[in-house]
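Data block below; observations after.
This structure is a prediction, so every number in the text was calculated from the model and none was measured.
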Amino acid sequence: VPTFAYLHFLEAHWPYKPRRRHIAEFGGNRDTNHFRDFSARDFGRLRREVSRGEIELPPEQLEQLIQMYDGAVRRLDGKIKIILGILEQLGLRDETAVMVTADHGEEFLEHGYIGHGQALYNELTHVPLVASIPGGHQGVRRTTPVSHVDVARTLLNIGGVAGGVDGADLLLAEPEEAFVQGELSIRNKYTQTIQSQRWKLHRRYRFDVPEGEASGGTPQAKMAAFPFSVKEELYDLDQDPREQVNLVDSPACQGARRMITEQLDQWWQRVTTTVEPAGPGETEVDDMVVQRLRDLGYLD
């Protein structure tokens, strides 16, 4: 019987809870780690305080935080090993397509923040995507950027289902040039990114929302309703994979800037003509959802 399973693990999400042996692999001691007893709310509060510049994280605490995260990811590796072992025991390993990915990474002050949910730099968007496909090639590594949008399309094609979703089949020939887009909307801020194999452009919108007025709705709706400012950042990922040197005003990079800006504008044009902006409205949120968001540190 054809079977599909979506497994969403939270071991690598805050609050980080690695085993002692996992954090020891990275030179840490869980029992003396500053973040050992942090709850998700504690992490959420710490992220906000660091982002606002209210506190500075000492180097020794930053190292301990990274050790906790690395240990948590190591613990997650063990969970995946268990799943693969179960498939092996059932005799299904060789006929089951397996894809492993993540919805985001974490920041550790590379750009002044910790955690996730406030930017789209590579430490957050360059996540694992590993596939094991029956009859597929082994050891193949793609060099052009891909997107989570492509995962659903690829899995549907493996299952013999055509149409229905956007994206490209990752098992087909690798294109000579590819662009992937991302976006992040938080209150009165909206960020778009576009990335090729070499270049990455961030375009940041900040909306001037009058005090006391709701800033909900889609970015398109906000652009129509409020004044806004725009700033851009351009990075050469070949020379600067950590996105530390903004080249947006460099005379030598204006050709690359025009090229990737044109691609971003074309994408945005497609989005604004195919997606109708939603008007303001109210949404009822289940109490269980609210509690879960609190448990993950997204709400106070």
Side-chain angles (χ1 to χ4, degrees), residues 47-48 50-53 56-57 62 103-127 129 142-150 175-209 215 217-275 277:
R47 180 193 66 167
R48 289 189 290 272
V50 171
S51 298
R52 295 167 183 166
E56 291 186 8
L57 205 60
L62 177 62
D103 56 339
H104 58 75
E106 295 283 75
E107 290 188 87
F108 294 101
L109 296 185
E110 294 91 342
H111 292 89
Y113 306 109
I114 60 171
H116 57 273
Q118 55 266 328
L120 293 172
Y121 292 108
N122 273 1
E123 54 265 25
L124 290 160
T125 61
H126 189 187
V127 297
L129 176 54
R142 293 192 64 149
T143 58
T144 54
V146 299
S147 170
H148 279 139
V149 173
D150 305 325
E176 292 184 4
E177 183 69 281
F179 297 90
V180 295
Q181 298 81 24
E183 54 182 341
L184 175 66
S185 184
I186 308 174
R187 293 179 292 278
N188 63 341
K189 299 176 183 178
Y190 172 60
T191 301
Q192 302 170 339
T193 62
I194 185 166
Q195 178 179 340
S196 67
Q197 187 168 342
R198 178 176 178 180
W199 299 97
K200 186 171 180 180
L201 180 78
H202 299 249
R203 180 180 289 169
R204 304 177 184 278
Y205 294 82
R206 188 180 188 94
F207 300 99
D208 185 10
V209 181
S215 61
T218 64
Q220 301 98 301
K222 292 179 184 178
M223 289 177 190
F226 306 113
F228 58 85
S229 58
V230 183
K231 291 185 178 180
E232 293 185 345
E233 299 173 21
L234 178 69
Y235 297 99
D236 182 347
L237 299 180
D238 283 353
Q239 304 298 322
D240 181 26
R242 294 182 179 272
E243 298 172 277
Q244 297 295 311
V245 182
N246 182 9
L247 299 173
V248 73
D249 293 323
S250 169
C253 298
Q254 293 311 298
R257 182 183 181 184
R258 285 191 295 272
M259 175 274 297
I260 203 163
T261 296
E262 181 180 351
Q263 293 292 328
L264 180 59
D265 290 341
Q266 290 177 5
W267 168 78
W268 185 236
Q269 180 66 26
R270 290 196 300 272
V271 169
T272 54
T273 55
T274 58
V275 178

Can you name the ring pair (Phe, Tyr, Trp, His ring centres under 6.0 Å) partners of [X], sequence neighbours left out?
| X | value |
| --- | --- |
| F179 | none |
| Y205 | Y190, F228 |
| H104 | H13, H116 |

Is there a side-chain contact between [X] and [Y], using heavy atoms and a 4.5 Å cut-off?
| X | Y | result |
| --- | --- | --- |
| Q220 | V271 | yes |
| Q192 | W268 | yes |
| V180 | T125 | no |
| M223 | F207 | yes |
| T261 | L234 | no |

Please find the pair of heavy atoms, one from [X] and one from [Y], that lie closest to each other, and give the distance.
| X | Y | result |
| --- | --- | --- |
| I186 | Q118 | CD1-CA, 3.8 Å |
| W199 | L247 | CZ3-CD1, 4.2 Å |
| D103 | H148 | CA-CE1, 3.9 Å |
| Q195 | P145 | O-CG, 3.8 Å |
| N122 | L237 | ND2-CD2, 3.7 Å |

Kindly determine whether C253 and D236 satisfy side-chain contact (heavy atoms from CB on, under 4.5 Å), including the steps that lead there.
-> CA-CA 9 Å; C253 298; D236 182 347; over 6 Å; no
Scan E183, K200, R203 and name whichever one has a side chain to side chain contact (heavy atoms under 4.5 Å, CB included) with T193.
->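 Only one of E183, K200, R203 forms a side chain to side chain contact (heavy atoms under 4.5 Å, CB included) with T193, namely K200.
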In a check of side chain to side chain contact (heavy atoms under 4.5 Å, CB included) between E232 and each of D249, N246, L201, which one passes?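 Among D249, N246, L201, the one that satisfies the side chain to side chain contact (heavy atoms under 4.5 Å, CB included) with E232 is L201.
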Do other residues, nucleotides or ligands put more than 12 heavy atoms under 6.0 Å from the [atom1] atom of [X]?
| X | atom1 | answer |
| --- | --- | --- |
| R242 | CZ | no |
| R142 | CZ | yes |
| Q266 | CD | yes |
| R204 | CZ | yes |

Original post:
For E123 and Y113, does a side-chain donor sit closer than 3.5 Å to a side-chain acceptor?
Top reply: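 Looking only at side-chain atoms, Y113 and E123 do not form any donor-acceptor pair under 3.5 Å.
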Dump the intermediate steps for salt bridge (charged side-chain N to carboxylate O under 4.0 Å, His left out) on R47 and E107, then the final yes or no. CA-CA 10 Å; R47 180 193 66 167; E107 290 188 87; over 6 Å; no
**Prompt:** Should the ring pair Y121 and H111 be called parallel, tilted or perpendicular, given that the plane angle runs from 0 to 90° and is split at 30 and 60?
**Reply:**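 Aromatic pair Y121/H111 classed parallel.
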